[in-house]
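Let me begin by presenting the structure, written as structure tokens, before commenting on it.
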Amino acid sequence: MTNTVQNMGIMIVDDHKILAESLSRLINERENMEVKAISTSGRDALRYLREHSQNIDLVIMDLRMEEADTEEPAGLTTARRILKEIYVKGVNEIKILIMTQLVDGYLIDLAHKMGVHGYLAKDADSHILFEAIEGICIAKRRYFRGEIAEAWDQFSYEHTGIVEIPKLTPTEKEILQLISEGLTTKEIADKRGKGEDGVEAHRRNIMRKLNARNAPHMIAIAYQYNMI
């Protein structure tokens, strides 16, 4: 979708309805921006975008929503699916701006590598929000600045210059790759024709070897080691 500065369609995805509605009112005060839709879940957002993607230039996405997701925050899963299933370069270039309370270097790193266009803390000032929106939608620049850049730099620093890269078995490498592509434990088990318990055991081993706190942290570290 190609829009001018006067016509910027925005969707807000956040399970805190009051916050989403307040953000919508703030954005709608701008002459060149209009909130076209509000969704309280990633599933609903995907359903809307499959039918109305031509109305949306930018999705402002929370990370932590009530949807159960054992592998990663629901917002990251939804962002990945938008970029994989709905985004089409030159035709349907929906941008994604993460806006969350989770300012963790590994999540920022993972979002950037997935192709997310910007990342903001929820306590950012309104002028920073609009700077990010206009930078992403008008100037066509990705927006990872301020405290976000600092947290990201710290994570990158911690995983730069590692002499001994953790060694994974071929099966662990395969499962790590499938996890990085957004597959659930059940989907991986079905794909490999193996049981879910075995997949979970391999995932725990990978996390132990990479010294990862959770699945997103594991994937971000694996990117740093060029394992995926």
Side-chain angles (χ1 to χ4, degrees), residues 8-45 56-69 71-80 82-83 94-159 212-217 219-221 223:
M8 208 181 302
I10 295 172
M11 180 180 196
I12 298 171
V13 185
D14 194 315
D15 64 348
H16 292 89
K17 204 166 184 180
I18 292 176
L19 293 178
E21 289 173 350
S22 298
L23 181 59
S24 176
R25 286 193 293 271
L26 179 67
I27 290 172
N28 283 333
E29 291 176 356
R30 306 280 287 203
E31 291 183 3
N32 61 339
M33 301 176 189
E34 181 180 357
V35 175
K36 301 282 189 178
I38 296 175
S39 178
T40 56
S41 77
R43 288 185 294 270
D44 288 345
I56 305 299
D57 296 292
L58 176 71
V59 177
I60 299 178
M61 177 87 66
D62 191 13
L63 281 188
R64 183 186 288 150
M65 291 183 276
E66 291 181 358
E67 297 164 281
D69 195 322
E71 298 296 340
E72 64 185 2
L76 274 185
T77 302
T78 303
R80 179 184 283 106
I82 291 171
L83 293 167
I94 296 173
K95 307 294 194 300
I96 299 174
L97 172 62
I98 297 295
M99 193 169 182
T100 179
Q101 293 176 328
L102 301 176
V103 181
D104 290 303
Y106 68 91
L107 289 173
I108 299 164
D109 185 72
L110 183 54
H112 186 272
K113 287 183 168 70
M114 282 170 50
V116 167
H117 302 86
Y119 201 112
L120 275 185
K122 273 193 171 180
D123 60 359
D125 292 339
S126 60
H127 77 276
I128 297 295
L129 169 64
F130 293 124
E131 179 180 278
I133 293 174
E134 291 178 349
I136 292 167
C137 292
I138 300 173
K140 310 296 183 185
R141 293 193 302 265
R142 298 174 85 180
Y143 196 96
F144 292 78
R145 300 185 185 177
E147 67 174 303
I148 301 303
E150 291 174 8
W152 186 15
D153 285 346
Q154 182 61 35
F155 170 78
S156 299
Y157 174 79
E158 290 169 357
H159 296 277
R213 299 196 295 274
N214 50 41
H217 192 210
I219 297 169
I221 292 171
Y223 272 118

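Sequential numbering from 1 along the given sequence is applied to the chain's residues.
- Note: Glu29 CD to Ser24 OG = 10.0 Å, rounded to the nearest 0.5 Å.
- Between His217 and Tyr106, the ring-plane angle classifies as tilted under the 30° and 60° cut-offs.
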- Query: Please walk me through it: do Met65 and Val13 pass side chain to side chain contact (heavy atoms under 4.5 Å, CB included)?
  - Reply: CA-CA 9 Å; Met65 291 183 276; Val13 185; 3.8 Å; yes
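- Between Tyr119 and Leu107 the shortest side-chain heavy-atom distance falls below 4.5 Å.
- At least one donor-acceptor pair closer than 3.5 Å links the side chain of Asn28 to the backbone N or O of Val35.
- Here CZ of Arg64 is found 12.0 Å from CG of Leu76. Values are rounded to the nearest 0.5 Å.
- Between the Ser22 side chain and the Ile18 main chain, a donor and an acceptor come within less than 3.5 Å of each other.
- With rounding to the nearest 0.5 angstrom, the CZ atom of Phe144 is 8.0 Å from the CD1 atom of Ile108.
- Of the possible donor and acceptor atoms, none in the side chain of His117 sits under 3.5 Å from a partner among the backbone N and O of Leu97.
- Taking 4.5 Å as the limit, some side-chain heavy atom of Phe130 sits within range of a side-chain heavy atom of Leu26.
- A distance of 11.0 Å separates CD1 of Ile219 from CG of Asp109, quoted to the nearest 0.5 Å.
- Side-chain contact check for Met99 versus Leu19: every heavy-atom pair is 4.5 Å or farther apart.
- Side-chain contact between Thr78 and Val59 is absent, with no heavy atoms from C-beta onward closer than 4.5 Å.
- Asp14 contributes a side-chain N or O that, together with a main-chain N or O of His16, makes up a donor-acceptor pair within less than 3.5 Å.
- Each of Leu23, Ile38, Ile96 was scored for a side-chain contact (heavy atoms from CB on, under 4.5 Å) with Ile60, with one residue passing: Leu23.
- Between Arg145 and Ile128, the closest side-chain pair of non-hydrogen atoms is not below 4.5 Å.
- Closest heavy-atom contact between Met11 and Ser39: CE-CB, 3.7 Å.
- Across Ile98, Asp104, Val103, a single residue satisfies side-chain contact (heavy atoms from CB on, under 4.5 Å) together with Thr100, and that is Ile98.
- Atom CE of residue Met33 and atom CE of residue Met8 lie 4.5 Å apart, to the nearest 0.5 angstrom.
- Remark: side-chain polar atoms of Asp15 are not paired, donor with acceptor, to backbone N or O of Ser41 under 3.5 angstrom.
- More than 12 non-hydrogen atoms from other residues, nucleotides or ligands lie less than 6.0 angstrom from CZ of Arg142.
- Heavy atoms only, all atoms of each residue included: Ala132 and Leu120 are closest at CB-CD1, 4.0 Å.
- With a 4.5 Å cut-off on side-chain heavy atoms, Phe155 and Leu110 do not count as touching.
- In plain terms, the two heavy atoms of Met61 and Ala79 that are nearest each other are CE-N, 4.2 Å.
- Residue Ile12 holds its CD1 atom at 9.5 Å from CG of Leu58, rounded to the nearest 0.5 Å.
- For Arg30, the salt bridge (charged side-chain N to carboxylate O under 4.0 Å, His left out) partners two or more places apart in sequence, or in a different chain, are Glu134.
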Next item on the list: Evaluate side chain to side chain contact (heavy atoms under 4.5 Å, CB included) for Ile56 paired with Lys36, printing each intermediate quantity in order.
Entry: CA-CA 7 Å; Ile56 305 299; Lys36 301 282 189 178; 3.7 Å; yes
